[in-house]
Amino acid sequence: MSDMDKLAENISKNIEMVRQKIEQAASSAGRSSNEVKLVVVTKGQSGDVLSTAFMAGIRTFGENYPEETIKKIQTLQAYQGIEWHMIGHLQSRKARIVAENFSLLHSLDSVSLARKLDQILSEQNKAMPVMLECNVSGEETKYGWPAWDEDQWQVLLADVSLVLKCRNLVLVGLMTMPPLFEEIEGTRPYFRKLYALKEFLSREISAEYFKELSMGTSADYAVAIQEGATYVRIGQAILGPRPNYRHVEENVFTK
Ligand SMILES: *Cc1c(COP(=O)(O)O)cnc(C)c1O
């Protein structure tokens, strides 16, 4: 068997396993797995890995770095129907790359970024769905709106009204990245908190802007689904370890 065949076999097997686990987690919480959308996180992976995932039926890729994504879009231009989701911290000066090439931003984390994106999108006469990244753990290294303490939710409420004034952004939900735990159960309180925040914002503003919850990675997606995730962002459990990615990995979850 060639290396490419082996890769294809592994990725297909992993997708099957992840889909089963999504199914189990959803049904254990009385949910339908149709409510859970899979984003395959491709940062640091080669064009071969991405095209193999495409062949295996994956159409939604999650990326953290705009420039890296541009290269992959060029590599994969022969493939139709790929959606690129931005899941990492977005610097304002790269907003244009995202406005032009991505179909959803999971990680909107400031009003100023919202305004910048909105302006670029309005020039292009298009709209982009976004989620608000929220820091529900209080870890200083994390991006996102401070939201670990309910006292902070009023501030967030005010910022949400400002985001809603950006007419070319379509607010669809919330996203979070919990702290890393050895034990998967350690993450549950953070997913619960994001769910509670969604309930709060739905009550105070309108449920239509908070339908989606993007939470759960390879390490903890089963728990995230039990706690209400509608998007899971899974990389390594499907594609295998990210080769030679340690140096940037530090930046992935943290400032
Ligand atoms: C890298 C990354 C993931 C995926 O992590 P895996 O361990 O590969 O599943 C999910 N979300 C964000 C924000 C990431 O940066």
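For clarity, every value in this text was computed on a predicted model and none was experimentally measured. Atoms within each ligand, like the ligands themselves, are counted from 1 in listed order.
You'll find the side chain of F102 reaches within 4.5 Å of the side chain of E63, heavy atoms only. Under the 4.5 Å side-chain criterion, counting only non-hydrogen atoms from C-beta, F200 is not in contact with E150. Counting heavy atoms from C-beta on, the side chains of H85 and S103 come closer than 4.5 Å.
Atom numbering of ligand 1 starts at 1 in the shown order; those under 4.0 Å from a heavy atom of R233 are 4 (C), 9 (O), 10 (C), 11 (N), 12 (C), 13 (C). The distance from ligand 1 to the heavy atoms of K43 drops below 4.0 Å at these ligand atoms: 1 (C), 2 (C), 3 (C), 14 (C), 15 (O). Close contacts of ligand 1 with M177, meaning ligand atoms under 4.0 Å from a residue heavy atom, involve 11 (N), 12 (C), 13 (C). Per-residue contacts place I234 under 4.0 angstrom from the following atoms of ligand 1 (heavy atoms of the residue considered): 9 (O).
Judged by the shortest distance from any of its heavy atoms, R242 lies inside the 4.0 Å radius around the atoms of ligand 1.
For ligand 1, the polar-atom distance check against M175 finds no nitrogen or oxygen pair separated by under 3.5 Å. Polar contact check, N64 against ligand 1: a nitrogen or oxygen pair lies under 3.5 Å apart.
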| request: Check step by step if side chain to side chain donor-acceptor pair (under 3.5 Å) holds for T60 and E83. | output: CA-CA 5 Å; T60 311; E83 270 192 25; 4.5 Å; no
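A side-chain donor from one of R233 and S214 sits under 3.5 Å from a side-chain acceptor of the other. Using modelled atom types and a 3.5 Å distance limit, the side chains of N135 and S137 yield a donor-acceptor pair.
Counting heavy atoms closer than 4.0 Å to ligand 1, residue I87 contributes atoms from both its backbone and its side chain.
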